[in-house]
Trainee: 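Before I ask anything, let me first share the structure, which is written out below as structure tokens.
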Amino acid sequence: MPELPEVETIKNDLIPYVVGKTITNVTFPPDPKIRILRRFPSQNKFITELQGTKIKSLQRRAKYLIFDIQPSRTLIMHLGMSGQLLIRKAGVPPEPYLQAIFHLENATEIRFVDPRKFGELFLKLPSSKDFPLNLSRLGPEPLGESFSLIYFTTVIQKSRRKIKTLLMDQKAVAGIGNIYSDEILFRAKIHPERIAFGLKEREIELLHRTIRKTLREAIFNRGTTASDGRYLNGTGRRGKFQTKLKVYQRQGEPCYRCGAIIRRVRIGGRSASFCPQCQK
DNA sequence: AGTACAGCCTGCCTGC
DNA sequence: TGCAGGCAGGCTGTAC
């Protein structure tokens with residue numbers, strides 16, 4: 001499940017291969033039910049609007065990848081739960097679940113692979129009205145300056161939701177999903193079902209610091225490839241942060257810190273793993 | 001307005 | 001053995 005650290009890693013891997021390159025063509029498999037484009041008028045228009053354009057820059061915002069295209073277009077990708085972006089030379093046999101290929105100059109391809117089809121592609125044109133994606137609604141980047149302790153304290157103190165749910169709310173703070181919310185809360189020793197506004201100031205301060213520290217460490221380790229093996233970075237390799245996971249997918253196993261059995265509950269329709277002894 | 005939740009999707013695992 | 005059912009969780013839309 002690509003979250004902020006995984007998308008950041010993919011972005012960094014892709015940049016040397018794609019920035020400054022011309023998109024010569026875009027192709028899709030002959031599947032009429034392709035969903036990644038369901039928000040765009042037509043597949044053909046998507047293709048013709050990109051042919052011959054150039055990728056000026058590649059950025060990440062939350063879990064989105066944003067390709068700034070010349071002339072005046074923005075190509076936005078979301079990998080959903082199971083999406084991968086792989087750099088391949090033309091002629092390499094297609095991967096299973098290949099959903100789209102962006103052909104670049106020099107016989108290089110960006111391949112969008114996605115078994116579960118939660119991934120999406122967006123193309124913003126100068127004429128786009130009512131664009132279905134509003135990135136400005138996203139909350140601050142947790143590693144950016146706007147994610148201040150004052151901001152975070154304000155958000156927490158006015159929310160009656162469980163803290164795990166709040167951490168995963170992209171409007172509160174952008175880029176955190178199920179894996180990192182579990183890991184952050186364990187590291188901050190906070191129970192995932194605590195109501196946000198009940199957190200003490202020192203807990204909020206610790207949580208704020210732990211969010212940044214955990215995400216930085218995960219980026220340094222090039223993301224988490226969980227047991228499903230689905231996340232691969234832009235060069236097709238696995239991440240390393242899975243070896244540092246303390247609670248995610250460890251239910252029934254002993255806590256590394258205190259030996260208590262890691263528990264799992266459902267919070268907001270999602271599984272949450274935590275140590276019932278360490279996390280209060 | 002803030003919050004909760006169903007639904008989309010499909011490979012994999014469990015239990016009968 | 002085979003199959004049904006549950007689970008995984010990104011996000012949006014809808015309802016309370």
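Order of the sequence lines sets the chain letters (A, B, ...), proteins ahead of strands, with each chain counted from 1. Everything numeric in this text was worked out from a predicted model, so none of it was measured.
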Trainee: For Gln99(A) and dC8(B), give me the distance from atom CD to atom P, rounded to whole Å.
Mentor: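 Roughly 18 Å, once rounded to whole Å.
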
Trainee: From NZ of Lys171(A) over to C1' of dC11(C), roughly how many Å is that when rounded to an integer?
Mentor: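 Lys171(A) atom NZ is separated from dC11(C) atom C1' by 10 Å.
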
Trainee: If you find the nucleotide of DNA chain B closest to Arg161(A) and the one closest to Pro115(A), which residue's nucleotide is nearer the 5' end?
Mentor: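 Taking each residue's closest nucleotide, the earlier one in sequence belongs to Arg161(A).
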
Trainee: Which residue lies toward the 5' end of DNA chain C, Met81(A) or Asn134(A), if each is placed at its nearest nucleotide?
Mentor: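 On the 5' side of the pair lies Met81(A).
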
Trainee: Rounded to the nearest angstrom, tell me the gap between atom CG in Leu4(A) and atom P in dC11(C).
Mentor: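 Going from CG in Leu4(A) over to P in dC11(C) covers 11 Å.
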
Trainee: Considering only side-chain heavy atoms of Arg116(A), which listed nucleotide, dT3(B), dC11(C), dG9(C), is closest?
Mentor: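 Closest of the options to the side chain of Arg116(A): dG9(C).
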
Trainee: Just wondering, do Pro29(A) and Leu98(A) contact through their side chains at under 4.5 Å, heavy atoms?
Mentor: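 No. Closest side-chain heavy atoms not under 4.5 Å.
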
Trainee: So, is Lys117(A) near the phosphate of dT10(B), with a side-chain N or O under 4.0 Å from OP1 or OP2?
Mentor: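 Affirmative; the distance criterion is met.
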
Trainee: Determine whether the side chains of Lys164(A) and Ser181(A) contain a donor N or O and an acceptor N or O closer than 3.5 Å.
Mentor: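 Distance-only check passes for Lys164(A) and Ser181(A).
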
Trainee: Between Tyr64(A) (OH) and dT12(C) (P), how many Å, whole number?
Mentor: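 Interatomic distance, OH of Tyr64(A) to P of dT12(C): 5 Å.
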
Trainee: Assign Ser82(A) to base, sugar-phosphate, or nothing according to its heavy-atom contacts below 4.0 angstrom with the strands shown.
Mentor: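 Ser82(A): no heavy atom of the nucleic acid under 4.0 Å.
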
Trainee: Tell me the interatomic distance from Ile176(A), atom CD1, to dG10(C), atom C1', rounded to whole angstroms.
Mentor: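 Value for this atom pair: 15 Å.
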
Trainee: Out of dT12(C), dC9(B), dA8(C), which nucleotide sits closest to the side chain of Arg266(A)?
Mentor: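 Among dT12(C), dC9(B), dA8(C), the one nearest the side chain of Arg266(A) is dA8(C).
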
Trainee: What is the distance, to the nearest angstrom, from the CG atom on Asp169(A) to the C1' atom on dC5(B)?
Mentor: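 To the nearest whole Å, that distance equals 14 Å.
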
Trainee: Would you please confirm or rule out a distance under 4.0 Å between OP1 or OP2 of dG9(C) and any side-chain N or O of Tyr231(A)?
Mentor: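 No, no such contact exists.
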
Trainee: Just by distance, no angles: are the side chains of Tyr97(A) and Ser82(A) close enough, under 3.5 Å, to form a donor-acceptor pair?
Mentor: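 No donor-acceptor contact under 3.5 Å links the two side chains.
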
Trainee: If I take atom CG in residue Asp114(A) and atom P in nucleotide dT10(B), what distance separates them, rounded to the nearest angstrom?
Mentor: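 So the two atoms are 10 Å apart, to the nearest Å.
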
Trainee: Within the 4.0 Å heavy-atom criterion, would you say Thr165(A) contacts the bases, only the backbone, or no part of the nucleic acid?
Mentor: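 It contacts nothing in the nucleic acid.
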
Trainee: Just call it for Gly80(A): base, sugar-phosphate, or nothing, with non-hydrogen atoms closer than 4.0 Å on any strand.
Mentor: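 Sugar-phosphate, no base atom in range.
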
Trainee: May I ask you to check whether Tyr180(A) and Phe241(A) place their ring centres under 6.0 Å from each other?
Mentor: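 Between Phe241(A) and Tyr180(A), the centre distance is under 6.0 Å.
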
Trainee: Check every strand shown and say whether Arg270(A) touches a base, only sugar-phosphate, or nothing at a heavy-atom separation below 4.0 Å.
Mentor: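 Contact class for Arg270(A): base.
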
Trainee: Out of Ile179(A), Val7(A), Asn233(A), which residue meets the side chain to side chain contact (heavy atoms under 4.5 Å, CB included) rule with Pro2(A)?
Mentor: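 Testing Pro2(A) for a side chain to side chain contact (heavy atoms under 4.5 Å, CB included) against Ile179(A), Val7(A), Asn233(A) leaves exactly one candidate, Val7(A).
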
Trainee: Can you see if the side chain of Arg264(A) gets near the phosphate of dA8(C) - specifically, an N or O under 4.0 Å from OP1 or OP2?
Mentor: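 Result: yes.
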
Trainee: Taking atom P of dT3(B) as reference, at what distance in whole Å does atom CE of Met168(A) sit?
Mentor: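 One finds 15 Å between P of dT3(B) and CE of Met168(A), rounded.
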
Trainee: As a test of reading the structure: which of dG11(B), dG10(C), dC11(C) is closest to the side chain of Tyr97(A), going by heavy atoms?
Mentor: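 Comparing dG11(B), dG10(C), dC11(C) against the side chain of Tyr97(A), the answer is dG11(B).
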
